[in-house]
Each structure stands twice: as structure tokens, then as C-alpha cells.
Amino acid sequence: MRKSKPKKRIILPDPKFNDVQVTRFVNNMMFDGKKSIAYAIFYDAVELAEKKSGENGLEIFKRALANISPAVEVKSRRVGGANFQVPTEVRPERKTALGMKWLINYSRKRGEKTMKEKLAGEMVAAAKGEGAAVKKKEDTHKMAEANKAFSHFRF
């Protein structure tokens, strides 16, 4: 690699919970630079999740992210003309990034009417250890387990 690695950008914590992880999530969820709308959706979803389960909304969000974040993933590696799915451990930052992306994607695919309802539903389900995003994590882990034989190709 010729160029130096780019510096990590400092993300400011969100106004309500004073949490950097919330800001990162909102940034992932945001469309067309509409950050205030993304914040409104997130805060409403947290409130809805709080009403649904009767627990602290931020705790539900944190637990949901922890349940979704994968520990291992498979990366494609070409060895001698054949492609192998090589299981690799996931760095902590990528873990949360993947968890957030999966939570947002599977929230958008849900059947409820508004995004805040979809997000709240997926957060509550993920906090309980169910839902589509948790299934995605389990599938990723199964794939890594199935390809354990190729782990010596790790790079």
C-alpha cells in the first residue's frame, strides 16, 4: 500500500442520549442528507420500542445491536483457480457497522406502515433474539462454520 490510511473521523454524540453509536446509526439510516428526519424517526422508534416492551429504549437498541453483530464472516479467497469462502473474524468496528446495516435493511423490508414502526418492531425482535436481522447473523455464522475447513487459507 502506497498511501497512508485515512484518519478516523470524529463523530459527535447525538443530542438526546449523548451517544456516538446512535449518531452512527442515524447517519447510516439517513437519506439525501436529511439528518433531522432520520433523528426524528430513530427517537420515535425508540419511544415505540419502549412502549412495546416496557424497558429503556436505548437499552433495547443496544441489546438489539449486540444480538445482531456477527463474530465471524466469510470472505472469498482465490487459491489456485478455485474460489474458497474463508471464515475470518470480524473487527469490532465492522461488527457494529454490519449490525447497523442489517438492522436498517431488515427494518425497511418489514410490513408495518411507517419507518418508525418498522424500526421499533425490528429492534424489539432483535433484542429478544428473533427477527430477520438475527437470522442473517445466524446464517453468516452457519456459513463460516460450514467452511471451517478452509480457514488455513486465511490472509
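For clarity, every value in this text was computed on a predicted model and none was experimentally measured.
- Other residues, nucleotides and ligands contribute over 12 non-hydrogen atoms within 6.0 Å of the CZ atom of R110.
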Problem set entry | CA sep, side-chain torsions, deciding dist, call: Q85, K75, side-chain contact (heavy atoms from CB on, under 4.5 Å) | CA-CA 5 Å; Q85 297 287 355; K75 283 188 175 175; over 6 Å; no
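- Using a 4.5 Å heavy-atom cutoff, the side chains of T23 and Y39 are in contact.
- Grouping the Ile, Leu, Val, Met, Phe, Trp and Tyr side chains by contacts below 4.5 angstrom, directly or via other members, places L98 apart from V74.
- Heavy atoms only, all atoms of each residue included: S69 and K95 are closest at OG-O, 3.5 Å.
- The side-chain hydrogen bond (donor to acceptor under 3.5 Å, both in side chains) test applied to Y43 returns D14, not counting sequence neighbours.
- Looking at V22 and P13, their side chains never come closer than 4.5 Å, going by heavy atoms from C-beta outward.
- At least one donor-acceptor pair closer than 3.5 Å links the side chain of E50 to the backbone N or O of G57.
- The hydrophobic cluster containing V26 also contains I37, counting ILVMFWY residues as joined when their side-chain heavy atoms lie under 4.5 angstrom apart, directly or transitively.
- When every heavy atom of L65 is checked against every heavy atom of G99, the shortest pair comes out as CD2-C, 3.7 Å.
- Residues V90 and V86 do not share a hydrophobic cluster, defined by chaining ILVMFWY side chains whose heavy atoms lie under 4.5 Å apart.
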Problem set entry | K8 vs E93, side-chain contact (heavy atoms from CB on, under 4.5 Å): CA-CA, chis, key distance, verdict | CA-CA 11 Å; K8 282 274 174 233; E93 281 190 17; 3.2 Å; yes
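- The neighbour count for K128 NZ, taken as heavy atoms of other residues, nucleotides or ligands under 6.0 Å away, does not exceed 12.
- Heavy atoms from other residues, nucleotides or ligands lying under 6.0 Å from NZ of K116 number 12 at most.
- In the hydrophobic cluster analysis, where Ile, Leu, Val, Met, Phe, Trp and Tyr join through side-chain heavy atoms closer than 4.5 angstrom, V72 is grouped apart from I68.
- At distances below 3.5 Å, at least one donor-acceptor pair connects side-chain atoms of H141 with backbone N or O atoms of A71.
- Closest approach of F25 to L119, counting heavy atoms only: CZ-CD1, 3.7 Å.
- For the pair E89 and R94, the salt-bridge criterion is not met [side-chain N within less than 4.0 Å of a carboxylate O].
- Taking the six-membered ring for Trp and the full ring otherwise, F42 and F61 have centroids separated by under 6.0 Å.
- One distance of note links OG1 of T140 with NZ of K135; it measures 10.0 Å at 0.5 Å rounding.
- Residues A64 and A126 come closest through the heavy atom pair CB-CB, 3.6 Å.
- Taking all atoms of both residues into account, the shortest heavy-atom contact from A127 to N67 is O-ND2, 3.1 Å.
- Closest approach of E122 and L103 over heavy atoms only: CG-CD1, 3.6 Å.
- Each side chain to side chain donor-acceptor pair (under 3.5 Å) pair with one or both residues in residues 54-63, not counting sequence neighbours, appears once here: D19-K62, Q21-K62, E55-R63.
- Atom CE in M115 sits 5.0 Å away from atom CZ in R108 (nearest 0.5 Å).
- The pair K142-E145 fails the salt-bridge criterion, with no side-chain N (NZ, NE, NH1 or NH2) lying under 4.0 Å from an Asp/Glu carboxylate O.
- Note on I104: it clusters hydrophobically with F17, by side-chain heavy-atom contacts below 4.5 Å among ILVMFWY residues.
- Note: N28 CG to T96 OG1 = 9.0 Å, rounded to the nearest 0.5 Å.
- Between E73 atom CD and K137 atom NZ the span is 13.5 Å, to the nearest 0.5 Å.
- Summarising the geometry, atom OG1 belonging to T88 is positioned 11.5 Å from atom CZ belonging to R77; distances are rounded to the nearest 0.5 Å.
- Residues passing the side-chain hydrogen bond (donor to acceptor under 3.5 Å, both in side chains) test with K35 are N27, sequence neighbours excluded.
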